[in-house]
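Encoded as structure tokens, the structure appears first; notes follow it.
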Amino acid sequence: MPEKVQVEVEGRRLVLSNLSKRLYPSGFLKAEVIDYYTRIAPVLLPHLAGRPLTVKRYPDGSEGKFFFEKNAPSHTPDWVRRVTLPVPGSTKQRETIDFVVVEELATLVWLANLAALELHTPQWTVGPKGGVHEPDLLVIDLDPGPPATITKCCEVALLARPLLPEGALAKTSGNKGMQIVAPWPGRRDRAGGPVKHSGDSSEAAKQLAELLEKEHPELVVSKMAQAVRPNKVFVDWSQNNRAKTTVSVYSLRARDMPAVSTPLTWDEVAEGADGRVLHFTAPDVLARVEEMGDLFAPLVPGA
């Protein structure tokens, strides 16, 4: 395979490099990473649109060193959309960051060529002129403390579902846990009816986590302290903080195999609680989308 290949993606010219480089111990090559993101793009791009992106880049593959990248690198093509946003409390003492916003296939291919295996997004979007919108999603991250596995996460997800907004959906994290994502604003009370809320999705998520912990203390913790988490599921509500991001649906993860954060049906969540293995790789997900379409389509703004 040649070291560099010039391609045209929807009218954009790109130079792809090191396509034969192995990025996963299983043998998944950089060319296959680019191919996956190209083929999954029709369902992935709507979930990235308008969301300032944070990537995890693995130039030496999933087993090597990685770094988070929020600021668009200096070699970013001029056709890639960027939005400059304030970042109060930045650990690098920056007042603003030029975030990449992925809104076309060429940008996705460009990022894949940089070995940006993981794509992470906030629960809010920016408008056409860069104005920051209120959160439109609420996310609950379910993180199992060893020896607990995703099986217990599925149990908690089923308990959480009636307390979440109508239309809440579940996905694997692509790692060891899972996430539930729901449209925001709005949630249901325990009887299923509407309740008033403060408009603060982070506070709503915290209240839900604490309620689950109170009612199921043998299964759930709402505090991050490692000492209280063995064999329980940490319901991480903090992902709704405006400064935080969550791995995007359909993003690859840096594991030994090209695992993907994969949408689930609620029937599959119930099967997971009964012990079904819920682990999907890039080829699995492409086949699922071919068969099932985008299970997360209802969460696309305006859907």
Looking at every heavy atom in both Tyr250 and Val285, which two are closest together, and how far apart are they? CD2-CG1, 3.8 Å

Decide, yes or no, whether a salt bridge links Glu32 with Arg22 under the criterion of side-chain N to carboxylate O below 4.0 Å. no

Tell me whether Val7 is reachable from Trp79 by hopping between hydrophobic residues (I, L, V, M, F, W, Y) whose side-chain heavy atoms are closer than 4.5 Å. yes

Kindly give the heavy-atom pair with the smallest separation between Leu44 and Ser248, and that separation in Å. CD1-OG, 3.7 Å

Excluding sequence neighbours, so at least two apart, what forms ring-ring contact (aromatic ring centres under 6.0 Å, His included) with Phe28? Tyr24

Sequence neighbours excluded and cut-off under 3.5 Å, please list the side-chain donor-acceptor pairs for residues 70-77, or say none.
from  : atom 1 : to    : atom 2 : distance (Å)
Lys70 : NZ     : Thr54 : OG1    : 3.2
Asn71 : OD1    : Asp98 : N      : 2.8
Thr76 : OG1    : Pro73 : O      : 2.6

Report all side-chain donor-acceptor pairs from residues 8-15 shorter than 3.5 Å, counting only partners two or more places apart or in another chain.
from  : atom 1 : to     : atom 2 : distance (Å)
Arg12 : NE     : Glu104 : OE1    : 3.2
Arg12 : NH2    : Glu104 : OE2    : 3.3
Arg13 : NH1    : Gln6   : OE1    : 3.4

Sequence neighbours left out, what passes ring-ring contact (aromatic ring centres under 6.0 Å, His included) with Phe99? Give chain and number order. none

Tyr58 and Leu23: side-chain contact (heavy atoms from CB on, under 4.5 Å), yes or no, with the steps? CA-CA 8 Å; Tyr58 291 80; Leu23 293 185; 6.0 Å; no

Working to the nearest 0.5 angstrom, can you tell me the gap between Gln239 CD and Asp143 CG? 9.5 Å

Between the main-chain N or O of Thr262 and the side-chain N or O of Thr172, is there a donor-acceptor pair closer than 3.5 Å? yes

Using the ring-ring contact (aromatic ring centres under 6.0 Å, His included) rule, collect all pairs that involve residues 275-299, keeping only residues at least two apart or in two chains. none

For Asp35 and Thr38, which I'm curious about, is there any donor-acceptor pair between the side chains at under 3.5 Å? no

Applied to residues 45-57, the salt bridge (Lys or Arg N to Asp or Glu O under 4.0 Å) test, sequence neighbours excluded, yields Arg51-Asp136, Lys56-Glu118, Arg57-Glu69

Would you find a donor on one side and an acceptor on the other, under 3.5 Å apart, between the side chain of Asn175 and the backbone of Gly177? no

Without hydrogens or angle criteria, can the side chains of Ser238 and Asp236 be said to hold a donor-acceptor pair below 3.5 Å? yes

Indicate whether any N or O donor in one side chain lies under 3.5 Å from an N or O acceptor in the other, for Asn231 and Lys152. yes

